[in-house]
Amino acid sequence: MRKSSLNPQAIPESYPPCFRPNTQQSSEQDVDKLDDQENEEDRIPVIDLRRMDLEKLEDACTDWGIFRLINHGIPLTLLSELHEHAVRVFEMGFESKQTLFGSIPTSALSYFWGTPALTPAGVALYKDSNDQKDRGIVNYNWVEGLNVPLSQPTHLQLDQHPLLRDLRILLEEYGVHQARVAKAIFGAITQNLKLCEDNERYLSPSTGQLRVYRYPRCFYDNPSKVWGMEVHTDSSVVTILNQYEVGGLQIHSEKDNAWIDVKPLPNTLLIHLGDMMQAISDDKYKSVKHRVKLHRETERISIGYFVFPEHDCVIRSSSYKPFTYSEFRAQVQQDVKTLGVKVGLSRFKPN
């Protein structure tokens, strides 16, 4: 059986302790599975933002729930600078990051690890361990990240931390581009769905937030297979993802009933349809299921932009009871705390 070539002593101090190897555990079987060859070449549709083809967009939304976006107009220099600054922040020692982010308001930036679930304030949300058998046990996702609300520019609060200040400024610039792209995509989708102007509140750039994710190298196995992110759907209307050079994202193809590796392609973005879009479309479009696998040798960094309806906007759908995004989010938070998983739209089915 193949053994890892990594030296367990050469562990970046930037990793949370639970992501560092336990030399007493040497199970290799599941780690080998994580290094399997990628699946067949993906057939994810490609949409050109400059030359929007509504028929092709309709097919992508109906059949896939995800598509690649080209000619998005975001400068390559901005993408490169963002990546460089994100790497520098994540490379700080773990304890230093905890101290630093604990000293600044979550309205500017918050740091999380072990879970992608956050409270509205940007604090990591884990399952309550009230049962005796679960007490002290947390099933971590192998991820750490930065959460950046975009509703109010707050970089002035970061003057004493130049690296974070500069990252925040770059992210705000990036967020402007993301809002532009999201509005253009949503505008085209509303034409296909024949939504009226009253439904413009279904997508509100004021709700936009950015998540910068780092998936550390997986040095060893937990007792069960470890994932960067387990299978889930996004709660957003749309999510815009930039995954840089390192792959790991997998999406579930309903047509093929199979998991497909989504390979990074230079200067392209990935557009995910989220739960809110599925509800808005009366289940015509599906919120794409996806997950993130880990790499043994290479870290992965990605940036996701999530945008939602206005919080008091009532979503009316033939498939669900009327609800606001605030109600949906509160239900998701409750389920994560009590069950450890997101239940999602099925909570709002009639009867």
Side-chain angles (χ1 to χ4, degrees), residues 1-42 44 80 82-97 111-117 124 137-146 211-232 241-253 258-266 268 270 289-304:
M1 184 175 293
R2 176 173 56 82
K3 299 294 183 181
S4 171
S5 61
L6 292 171
N7 176 4
Q9 303 303 318
I11 305 306
E13 293 300 318
S14 64
Y15 287 0
C18 66
F19 297 161
R20 303 169 191 173
N22 182 340
T23 55
Q24 301 303 313
Q25 298 189 28
S26 59
S27 170
E28 293 281 345
Q29 185 173 0
D30 286 338
V31 172
D32 285 344
K33 291 180 182 178
L34 295 177
D35 285 338
D36 283 347
Q37 293 295 314
E38 292 184 340
N39 298 336
E40 60 180 313
E41 183 177 356
D42 73 64
I44 295 172
S80 177
L82 262 178
H83 184 261
E84 291 174 5
H85 277 72
V87 169
R88 289 173 61 194
V89 171
F90 284 127
E91 284 182 343
M92 297 172 60
F94 172 66
E95 289 74 15
S96 297
K97 282 183 289 193
Y111 171 69
F112 61 93
W113 58 274
T115 175
I137 298 175
V138 177
N139 294 318
Y140 292 112
N141 282 201
W142 208 277
V143 64
E144 63 175 334
L146 307 175
R211 297 269 181 90
V212 187
Y213 297 109
R214 179 209 207 185
Y215 301 91
R217 291 176 288 168
C218 186
F219 293 96
Y220 71 100
D221 289 336
N222 282 340
S224 59
K225 179 181 282 191
V226 179
W227 289 92
M229 280 195 197
E230 296 175 322
V231 180
H232 68 287
L241 185 71
N242 181 356
Q243 62 173 344
Y244 293 100
E245 299 93 353
V246 180
L249 176 67
Q250 295 182 323
I251 62 107
H252 189 262
S253 168
W259 287 97
I260 295 176
D261 290 292
V262 183
K263 299 177 181 179
L265 294 181
T268 65
L270 289 166
K289 292 180 182 177
H290 53 289
R291 64 190 184 187
V292 177
K293 65 180 183 180
L294 299 169
H295 295 269
R296 183 190 292 274
E297 306 288 346
T298 310
E299 293 181 356
R300 177 178 186 266
I301 288 182
S302 65
I303 299 181

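These numbers come from a predicted model, not from an experiment.
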Would you say Arg291's side chain and Trp259's backbone share a donor-acceptor pair under 3.5 angstrom? no
Under 3.5 Å, side chain of His295 to main-chain N/O of Gly247, donor-acceptor pair present? yes
Rounded to the nearest 0.5 Å, what's the gap from CD on Glu144 to OG on Ser14? Could you check? 6.5 Å
Chi angles and distances behind the side-chain contact (heavy atoms from CB on, under 4.5 Å) call for Leu294, Val226: CA-CA 8 Å; Leu294 299 169; Val226 179; 3.5 Å; yes
Judged by atom type as modelled, is there a donor-acceptor pair below 3.5 Å linking the side chain of Lys97 to the main-chain atoms of Phe90? yes
Measuring from atom OG of Ser80 to atom OH of Tyr244, what distance do you get when rounded to the nearest 0.5 angstrom? 8.0 Å
Can you list the steps and then say if Val212 with Ile303 is a side-chain contact (heavy atoms from CB on, under 4.5 Å)? CA-CA 5 Å; Val212 187; Ile303 299 181; 4.1 Å; yes
Decide ring pair (Phe, Tyr, Trp, His ring centres under 6.0 Å) for His252 and His290; before the verdict, give the C-alpha distance in whole Å, the side-chain angles of both, and the deciding distance to 0.1 Å. CA-CA 6 Å; His252 189 262; His290 53 289; over 10 Å; no
Determine the minimum heavy-atom distance between Thr115 and Val143, stating which atoms define it. N-CG1, 4.2 Å
Gap separating the OH atom of Tyr111 from the CG atom of Leu146, nearest 0.5 angstrom: 8.5 Å
Separation between CG of Leu249 and OH of Tyr215, rounded to the nearest 0.5 Å: 8.0 Å
Would you say the side-chain atoms of Gln243 pair up with the backbone N or O of Val262, donor to acceptor, closer than 3.5 Å? yes
Would the distance check show the side chain of Arg300 and the main-chain N or O of Val246 forming a donor-acceptor pair, the cut-off being under 3.5 Å? yes
For Asp261 and Lys293: C-alpha separation, side-chain torsions, deciding distance, then whether side-chain contact (heavy atoms from CB on, under 4.5 Å) applies. CA-CA 10 Å; Asp261 290 292; Lys293 65 180 183 180; 3.1 Å; yes
Would you call the rings of Trp142 and Phe19 parallel, tilted or perpendicular, where under 30° means parallel and over 60° means perpendicular? parallel
Between Lys289 (side chain) and Val231 (backbone), is there a donor-acceptor pair under 3.5 Å? no
Nearest 0.5 angstrom please: His83 NE2 to Ser302 OG, how far? 9.5 Å
Taking the six-membered ring of Tyr15 (Phe, Tyr or Trp), confirm whether the NZ or CZ of Arg217 is under 6.0 Å from its centre and within 45° of its axis. no
Between Arg20 and Glu13, is there a donor-acceptor pair closer than 3.5 Å when you use the side chain of the first and the backbone of the second? yes
Can you tell me how far the CD1 atom of Ile251 sits from the CD1 atom of Ile260, to the nearest 0.5 Å? 5.0 Å
